[in-house]
Amino acid sequence: MSSTAHMHGGIGESIKRKEDGRFLRGKGNFLDDIVLPNMLHMAILRSPYAHARIKSIDTAAASAKPGVIAVVTGELMAQHKLAWMPTMSGDTQAVLATDKVRFQGQEVAAVVAETKAQAEDALASIEVDYEVLPAVTSPDGAKATGSALIRDDKEGQTDNHIYHWESGDEGTTKAAFAKAHKVIRLHTFYPRCHPAPLETCGCIADVNPATGKTTIYMTSQAPHAIRTVFALVAGLSEQNIRIVSPDLGGGFGNKVPVYPGYVVATAASLLLGRPVKWIEDRTENLISTGFARDYHMTGDLAVDENGKMLALHVHLDSDNGAFFADAQPTKFKAGLFHIVTGSYDIPTAHITADGYYTNKAPGGVAYRCSFRVTEASYLIERLVTNAAIELGIDQAEFRKRNFIQPEQFPYHSATGWVYDSGDYPKAMDVALDKLGYAELKKDVEARRKKGEVTGIGIASFTEVVGAGHGADYDILGLRMFDSAELRVHPTGKAMLRMGTKSQGQGHETTFAQIVAEELGIPAQDVSVEEGDTDTAPYGLGTYASRSTPVAGAATAMVARELREKARKLAAHLLEAAEEDLVWERGKFYVKGSPERSKTIQEAAFAAYTNLPEGMQPGLEGVHYYDPPNMTYPFGTYAVVVDVDKGTGQVKVKRMVAVDDCGVRINPMIVEGQIHGGLAEGFGIAFMQLITFDDEGNCIGSNFMDYLIPGSWETPKFELGETTTPSPHHPIGAKGVGESPTVGSPAAYVNAVIDALSPYGITNIDMPVTSDKVWAALRSKGVTE
Ligand code: CDP
């Protein structure tokens, strides 16, 4: 991949990331790098129990410890009406527990001290008298008669059920099942996992007692939404709140919610008149902040005698933890799970979902995912491979037979989605070619005859990214649009500010490239700023791969608007009619006389020095973009594995990933995104699990138990691409960040199941660890 500094940096050029200069030199500005004068430090006392009534809290001894300035309890927060806060799914969540603790790791009290060590030391001196209650650790447990009532704080709540939700058409689906040649069923569990960003969550709250201005430096993927929520919850004037999200060391959905620590630190700063810093350690991050997934799913696929899919029925039980805090648009109770028909032309479908409270941390964040599309994609792709195996049809052939065809776009799915564009057979063909599929199949057959355990897994995922449009997608009622403000300075250099917030995705580079393409100002002459609510235009932030589809579109639109003003300026300078000017990237020239031209930089200078009569000076603008639809990236991933019968160890021999995210702005950055996502998908498929014992103790609370894939484990990735532009996006781009995490787990697991299929093994839930594979083989009488 070539990447050179002299490039103009327009769309399609793999220029190097502008932000890497400071990151590679250790000059990034992350939350823990920020030190304010007179700053205090906060540490949080967390519950050791999953479910217990709080009988009393004694803070006297802790208050007397060296350096301690204050001990904050739920009672104190309640005096300021801040003991509870709203969640993103319209539920309530305890900020500091007052009545009960409902999960292990829940926030009970906080110490504010002169140093971090003093704050942490004093936690041990807070005496809490708990009455331990039985813990509920699964949806089945939550449903069981006589199970403990978790949310007795909620009026009218008599059991642990949160919601029932349906999508699709029950009647037509039932009728189609009645006529089916065969029904294939898969029951599977997508386990609780965690985004585990390199940098944990934290904030510095700085309330200025003189001006009333509250500045909060916060690890937030959505600073504007947080500002509004703080204004509404705390009753503060929104113009007096400034959220600054500095450089973020990853987010992956973990940095979308408001966490109790943010609220307590802000309240402490307000009460004490000094800045208060709080930052989690790794265990706090893993046990108490937004988890992902935890869906128990049963899928039934009806097919006819020709292997054509007739109907899909899915039921799922969602384990939501103690507070229903899923990050998702209010309209969709189970997120975007109903995209579960995937890449297939399934005439009818019916989805039912039930959510349950359990004694686990709340969350349900979209970990590199658009609101549960990952669970949906996993289910359908696992089910399709199982169906192919059961029907005796080749996995690739079965998919091809049922793909939505290119001419069917825009495609209306059975659950009400309109897919914008796609060419699924092409992506499949590129992947199979790269893999050498026909030869590989023969090799698998031959090796199986020799008793070896080997298999190929395929997943042809369809994704849905780029939330909104605003009428259907919101956070707590705030419509999901996004924004870009572009200022071109007199010397022709530019500054772009956006409502999104990079966490390492390279926005400072790629969004400058859109300006370079549209206005002809080289990418290195365009600075990109995000994350400061006092300066950036309002936007809903970065998650669900929405930055390119939404803020990227806003950038193209505002650049085009400025180009039109620049055209007027060039016409004035050239003493020509506007309509006689031709635009060629970077300059206007008079039709038929290319030597009579003015560059964009000359037009910019004129905007401040030599204007046509009546024109407003300056060359700047802002565009708020509410997309007409989501974008639907897709791809085919294929994995080859060998399984050791003696140990159950799985070796991923090849991983081919063909992605289509429409027009690629920076192909090198896109490939980096795909590599990262495939590695995360590998971790989820084979290594990672946040689990709990029967008492609700969280197992998987550190990186010795919750494993992060490193270069040693991660397979080599072989990438391919096709390009099907989005018809409604100004530059034809679709999001890509989450595609590999969404699409790859099913491909990895399908490969293992294909390898084990000769022994009648049809499912192993993730993580597919050696011991599970070993036990599955032994259960079928297979030994070394
Ligand atoms: O919202 P988020 O930035 O996480 O996801 P994204 O919109 O998929 O973008 C991830 C990175 O890939 C950004 O730097 C994008 O601008 C870049 N990208 C690209 O160069 N071309 C695309 N078609 C999509 C994303």
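We number each residue from 1, following the sequence as shown. This is a predicted model, so every value here is computed, not measured.
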Test item: side-chain donor near acceptor, Thr348 and Asp169, under 3.5 Å:
no
Requested in this report: Using only heavy-atom distances, determine whether the side chains of His187 and Thr298 contain a donor-acceptor pair under 3.5 Å.
Outcome: yes
Exercise. Can you tell me if CD on Glu713 sees more than 12 non-hydrogen neighbours from other groups inside 6.0 Å?
Worked result: yes
request  = Report yes or no: does Lys360 contribute a side-chain atom to a donor-acceptor pair with the main-chain N or O of Thr137 at less than 3.5 Å?
outcome  = yes
query = Is His194 reaching over with its side chain to a backbone N or O of Leu689, donor-acceptor style, under 3.5 angstrom?
reply = no
Answer yes if the side chains of Asn750 and Gln395 hold a donor-acceptor pair under 3.5 Å, and no otherwise.
no
> Judged by modelled atom types alone, do His313 and Thr173 share a side-chain donor-acceptor pair under 3.5 Å?
Replying inline: no
query = Between Arg447 (side chain) and Gly451 (backbone), is there a donor-acceptor pair under 3.5 Å?
reply = no
Is it the case that the side chains of Asp660 and Thr722 hold a donor-acceptor pair, with the cut-off being a distance below 3.5 Å and no angle test?
yes
Residue pair Ser370 / Glu738, side-chain donor-acceptor N/O under 3.5 Å: yes
Next on the checklist: Looking only at side-chain N and O atoms, does Thr358 offer a donor or acceptor that is under 3.5 Å from a partner on Asp319?
Outcome noted: yes
Does one side chain, of Asp423 or Thr724, offer a donor that lies under 3.5 Å from an acceptor on the other? no
- Does a side chain donor of either Thr415 or His350 reach within less than 3.5 Å of an acceptor in the other side chain? no
Please confirm whether the backbone N or O of Arg401 pairs with a side-chain atom of Lys308, one donor and one acceptor, at under 3.5 Å?
yes
Item checked: Phe686 and Tyr748 aromatic ring geometry - parallel, tilted or perpendicular at 30°/60° bounds -> perpendicular
Original post:
Is atom CG of Asp694 surrounded by more than 12 heavy atoms (other residues, nucleotides or ligands) closer than 6.0 Å?
Top reply: no
Minimal heavy-atom distance between Gly363 and Phe291, with the atoms involved, is N-CE2, 3.3 Å
If we count only N and O atoms by modelled type, under 3.5 Å, do the side chains of Thr636 and Ser460 hold a donor and an acceptor together? yes
Sequence neighbours excluded, the answer for side chain to side chain donor-acceptor pair (under 3.5 Å) partners of Thr341 is none
field: Distance-only polar pair, side chains of Thr769 and Asp771, donor-acceptor under 3.5 Å
entry: yes
### Query
Is the distance between the ring centroids of Tyr632 and Tyr419 less than 6.0 Å?
yes
Rounded to the nearest 0.5 Å, the CD atom of Glu784 sits from the CH2 atom of Trp774 at a distance of 10.5 Å
Review point. Between Tyr424 and Thr462, do the side chains contain an N or O donor and an N or O acceptor separated by less than 3.5 Å?
Key: yes
Whether Lys772 side chain and Pro767 backbone form a donor-acceptor pair below 3.5 Å:
yes
Using a distance-only test with no angle check, is there a side-chain donor-acceptor pair under 3.5 angstrom linking Asp345 and Asn402? no
Would you say the rings of Phe461 and Tyr637 are close, in the sense that their centroids are separated by under 6.0 Å? yes
| Do Phe332 and His338 have their ring centres less than 6.0 Å from each other? | yes
Before you tell me yes or no, could you show the steps for Phe717 and His675 under ring-ring contact (aromatic ring centres under 6.0 Å, His included), namely the whole-Å CA-CA distance, both residues' side-chain angles and the distance that decides it to 0.1 Å?
CA-CA 7 Å; Phe717 304 125; His675 276 238; 5.5 Å; yes
Review point. Can you check whether Phe324 and Tyr163 have ring centres sitting under 6.0 Å from each other?
Key: yes
For Ser421 and Lys734, does a side-chain donor sit closer than 3.5 Å to a side-chain acceptor? yes
Task: Distance-only polar pair, side chains of Asp304 and His181, donor-acceptor under 3.5 Å - done: no
Note to self: When you compare the side chains of Asn763 and Arg382, does any donor N or O come within less than 3.5 Å of an acceptor on the partner?
What the structure shows: yes
Under 3.5 Å, is there a donor-acceptor pair between the side chain of Gln221 and the main chain of Thr542? yes
Side chains of Ser701 and Arg282: do they bring a donor and an acceptor to under 3.5 Å? no
Does NZ or CZ of Arg372 come closer than 6.0 Å to the centre of the six-membered ring of Phe337, within 45° of the ring's axis?
no
Contacts of Glu170 meeting side chain to side chain donor-acceptor pair (under 3.5 Å) (sequence neighbours excluded), chain-then-number -> Lys174
Query raised in the report: Any side-chain heavy-atom pair from His296 and Leu316 closer than 4.5 angstrom?
Result: no
Establish, for the pair Arg546 and Tyr543, whether the NZ or CZ atom is under 6.0 angstrom from the six-membered ring centre and no further than 45 degrees off its axis. yes
Strictly under 6.0 Å, is that where the ring centroids of Tyr378 and Phe189 end up?
no
Is it possible for you to check whether Arg368 lies under 6.0 Å from the centre of the six-membered ring of Phe252, through NZ or CZ, and within 45° of that ring's axis? no
Practice prompt. Please test Phe634 against Phe403 for ring-ring contact (aromatic ring centres under 6.0 Å, His included), starting from the C-alpha separation and ending with a verdict.
Written response: CA-CA 12 Å; Phe634 59 94; Phe403 273 154; 9.0 Å; no
Can you see whether Thr631 engages Asp420 through a side-chain donor-acceptor pair at a distance of less than 3.5 angstrom? no
message = Please check this pair: side chain of Gln328 against backbone of Gly335, looking for a donor-acceptor N/O pair closer than 3.5 Å.
response = yes
